[in-house]
Q: 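Before I ask anything, let me first share the structure, which is written out below as structure tokens.
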Amino acid sequence: MLIRKSNFAEHYPWVLASIIVFAMALIWFVFASLGHSEWPSGSSLPGFTFGVMGGFICLFEFLIWPRKKLRSWRIGKVSTWMRAHIWLGLLAVPLLVLHTGFRWGGPLSTTLMVLFLVVIASGVWGLVLQQFLPDKLLKEVPSETIFSQIDYVSDLMASEASRLVKSVCNIKVDNDDGGELSDDEGRHLVVGAVRSTGAIQGRVVVTASLQESVPDSKPLYDFFNEHIYGFLKNGEEARSPLAKSIRATVLFNSLRMKLSPRAHEVVAVLEDLCNQRRQMILQSKIQFWLHSWLWVHLPLSVALIVLMFVHVFVAMKYW
Amino acid sequence: MNVAEELFPMVVDGRVVELDRVAADLLKAPPVKMTIDGKEVEIARATLSKNPVTGELKPKLTTIFDAAQKAGVFIPILCHREHMEPVAVCRFCAVDIGARTLVAACHRPVEDGMKVSTGATSDKVKNSVKILTELLLVDNEVPRTANRQYGENELRGIARKLGMDPHESRFPKNPNDRGTDDSSLIISVDHNACILCDRCVRACNEIRHNEVLGRMNKGFKSRISFDLNDPMGHSSCVSCGECMASCPTGALTNKKMVGSDLASQPGAMPVSVDDLFTHELFHGISKPFMEWNQGSVVRRKFKQGEIICNEGDSGSTAFIIEDGVVDVFLRSPLKHVQNNQSSGFLGLIKKFTSTLSTSSREDEKKARYISIDAPVSLNTSNPIAQLSKEDVLFGEMTCMNNYPRSATVRAKTDVTLLEIRRNVLYILQRNRQSKAILDGVYNKRSISTHLRSISLFAEQFTDEKEFEKFVDLVREKANLVRLNPGDVLFRQGDAEDNFYLVRVGFVKISLKQPGGEHVINYTGPGGMVGEIALMGHLAELKGKLLAEGRTANATALDHVDLVSIRGDDFKLILDNFPKIREKMVAIALERLNEIQRQVQKVQHTNLNDFLRQGLMEARSLLVLDLEKCTRCDECTKACSDTHQGVTRLVREGLRFENFLVASSCRSCLDPYCMVGCPVDAIHRGKKREMTIENWCIGCGKCAQNCPYGNINMQPFETNEKIDDITRPGHKVAVVQQKATMCDLCESVDGQPSCVYACPHDAAHRMTGQELIKKVETINS
């Protein structure tokens, strides 16, 4: 969730409430420790209270998972839950540290605290990433598509580019049924393109006509088979030089030199497709960083809740 | 009666015919004796010739070519055909009769004692014909393309007969490209292959009397032309195919329909051309053309109760009823698909487990007529009608425009049908004879249901007699007009002439605006066009029109059939039927206000690109702030969870600065989704939002058309059950579908789930104007 000056007003009540609770807890803790040689333990009144508060906060933090899964339930907007999740989660850190009385305790409580700190750290890491990665996606990936559709879109780009190149290189173009294309169908193909007009930008559908063959276009066919097709279909896995923007520009320019000017339009379409494919690779990477922290955060949160109940049971039993 | 006009009866070929004196004298004259290449021939001076199409008999002077044929002497001909008037333009039939120059055998009448030498005996003639052949061959050396049907190339045939290689010539090729014309659906014109023999021109004018073909330009640029040099498809050509059948070089060729062989499909019985010509509908069509297109017509027989076609199915054929009666009806229930709403504690649980149910809006409960692709309309209170032989044809719109079938058709009795493809229907619609039959059927039988399907008329007449009176008046005044895709019906500012009712296809109504073309509406079957300009004289509309003449542009989007009523007749209708007048005025005022409002909005908005995306009118866009959005897709998943697993939005679309306008219905300025709905079930609502009517048949055409992917097909189970092929002995419910689009979760609780479920506060619903303000704030 983005936290900026511009939207801080939405977070402000939660921040204020967290600071007040933290301040009050700190004052109580300090007062409770006056005249004692040690900090109040978890079994002291303030320590126990902070433990209970921290425990409930952890439980509430955990509930955002089922809340997000029950999307059609009208029990508060998920964004409100998320704000509470962030600020109460951060509040839980001082509360539970105060609950420990600055001691690690036995193996169980030490494990629990380490787990808690890792969960908090992974959450903060995720929050930090959310502050700048969406912006990076916005600025550097104008041809962004839906992440789960990247493979499908890549296949489509590869097959349409293949049809385009075959038509220019005078290689028989077949339709889906294996029959030769007629005049009335399939004489065009669809290539996505990024367009911007004024303030608008985005991927749009662009149709290109299958061209009449261009003589001496074998270099195009060879280049397509050697570099482009694999790159469009498999991206980075193809280990193609086209994965690097500057190298791709050099290669496409040298390809143009070998071809008749009539084929340059097709080269431009292919270059644009490769550019889009490079952006999709970047999108995949950013998508990975935007969501991979959850693979740490979520399972450890589950473990934390389980251990927390064990800790409560053990603490109550042996109190 | 003077002497020249006096008629003489004569017996010719066992028939008594009456001829004028000159003709009679010619026919009675003694035969001539002559020699051709040394062979003696005795032949009549004139014979009676019969027009193969009209059957008209007239005397024809015997030519040298006729005599050579009788003598068995070969004289090549190219521009000439036995059933045509000779024009002697190609000079291939040149012969030597001992005169100063060679003469054309096809044109020169025989004379007594004439001595004729052909190319077989005269080098002079042979050289002349060879040079001519070579010169024409360089003009005819054009590539042949697939999907065209070519007859025999007579020019090359002659070259071979003369011992020449048809691909070799000493002369350079003509550098002038005379162009091609592919505007006709069935005939392709390659002017470069044309040798200007004029056979097509004479076939059109002398044989068929259509008077469409002629010549234009001079010298190297000469070519045949249609009407006043219109593209063939836009000319008054009736597509009889006679020109194509007459062309000796493949300059006019038959466009082969892809997959036209209907006969290979199950249940189809081939129909011979002779069999077809027993139908009156096919009488005016050229026989060679029908031979080329034999696979495009098949006969099908259906037993009582069998389904002929299902609503929503895709198709590309129409049906001619030969025998029997069919039921035309809608299978799909006239309901909407929506979520259950319940209240109370149990309702709380039920709401979360909502299932599909069906309902109708209040305004849909009164009986209306639904336009379908047949000569009848269906009443919403009992959507079933019958068609018989007298109705001739159904399925025109599917056939011409590839729209889904608009209704289910079932054989009421045993039925025999002719299934035809688009090329054949195209000809039937344009051919003078068949067009007259089809138009006659409309005028006699269909006009009444067509007028009923127009809610404006249907709602105004409570008295059936008055309605019949109205139908009679319209019937008397109506003309049928056909437009090809892209044809302009009228332009903004044009003088008003006619009022139009749309019968088949869609007409785009648009305004020319500073930001580009602005589509006001797509008017489909059951709609009307051009009424506002014709009502400018009425007191209620005085001063309200933006300008003189037409207030908008009207363009055919596809093959459109219109009922045209002349302006004066339209005014007469308004005068005779005050209720219609009143309603028309109200509609016109509403439309004019809307146009005025749009114009003002456009003038006050500088973001033309914004306009072009159809966002200005948007009532509730789903806008994602891409700086906040982590692409977790919770919005899409929430939509899907709320609507039984079918999402009504896709997190993709165009971006405006930081904002992505996700795909959910935006009530576009150019609502292309409306085009092609076979039952006219998608409309603008009162607030110009898109609304799907309850008679949606679930064909998916609107979903396919929506450029933003914002219309979804939602399946639901009907009461009909069929055998489950995966579990013998079990039945499963038939699943149908209806189109749905984002209703802002109005069917749930009015809170859009997409916004409610966004964890990052990135999803917002806002109007187009609010989005403009946000974009402008960022820019400033």
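Chain letters run A, B, ... following the sequence lines, proteins first, then strands; residues in each count from 1.
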Q: With a 4.5 angstrom heavy-atom cut-off, could you sort out which part of B:Cys632 is near chain A: side chain, backbone, both or neither?
A: both
Q: Mind checking whether B:Asn658 and A:Leu138 have side chains closer than 4.5 Å, heavy atoms only?
A: yes
Q: Give the minimum heavy-atom separation between A:Trp73 and B:Tyr756, together with the two atoms involved.
A: O-CE2, 3.5 Å
Q: Can you tell if the side chain of B:Asp761 reaches within under 4.5 Å of the side chain of A:Glu10, non-hydrogen atoms only?
A: yes
Q: Please give me the minimum heavy-atom distance between A:Pro134 and B:Glu627, naming the atom from each residue.
A: CB-O, 3.4 Å
Q: Please determine which of A:Ile286, A:Leu137, A:Ile146 meets the side-chain contact (heavy atoms from CB on, under 4.5 Å) test together with B:Arg631.
A: A:Leu137
Q: Counting only heavy atoms closer than 4.5 Å, note whether A:Ile75 contacts chain B via side chain, backbone, both or neither.
A: backbone
Q: Nearest 0.5 Å, please: how far is OG in A:Ser79 from CD in B:Glu634?
A: 12.0 Å
Q: Does atom CG of A:Asp155 have more than 12 heavy-atom neighbours from other groups under 6.0 Å away?
A: yes
Q: Heavy atoms, side chains only, cut-off 4.5 Å: are A:Leu2 and B:His760 in contact?
A: no
Q: Could you tell me which portion of B:Asp625 (side chain, backbone, both or neither) has an atom closer than 4.5 angstrom to a non-hydrogen atom of chain A?
A: neither
Q: Using a 6.0 Å cut-off, check whether atom CZ of A:Phe132 has over 12 heavy atoms from anything other than its own residue.
A: yes
Q: Which one, B:Ala757, B:Pro759, B:Cys629, leads in non-hydrogen pairs under 4.5 Å with chain A?
A: B:Pro759
Q: Could you measure the distance from the CZ atom of A:Arg71 to the NZ atom of B:Lys637? Nearest 0.5 Å is fine.
A: 5.5 Å
Q: Begin from the C-alpha positions of B:Val755 and A:Lys77 and carry the test side chain to side chain contact (heavy atoms under 4.5 Å, CB included) through to its verdict.
A: CA-CA 8 Å; B:Val755 175; A:Lys77 290 176 79 172; 4.0 Å; yes
Q: Select all residues of residues 58-68 of chain A having any heavy atom within less than 4.5 Å of some heavy atom of chain B, and report them by number, or 'none'.
A: A:Arg67, A:Lys68
Q: Mind jotting down which residue pairs meet the salt bridge (Lys or Arg N to Asp or Glu O under 4.0 Å) criterion with at least one end in residues 291-300 of chain A? Sequence neighbours excluded, please.
A: none
Q: Under 4.5 Å from any heavy atom of chain B, what part of A:Gln287 do you find: side chain, backbone, both or neither?
A: side chain
Q: Surrounding CH2 of A:Trp81 (heavy atoms of other residues, nucleotides or ligands, distance under 6.0 Å), is the total greater than 12?
A: yes
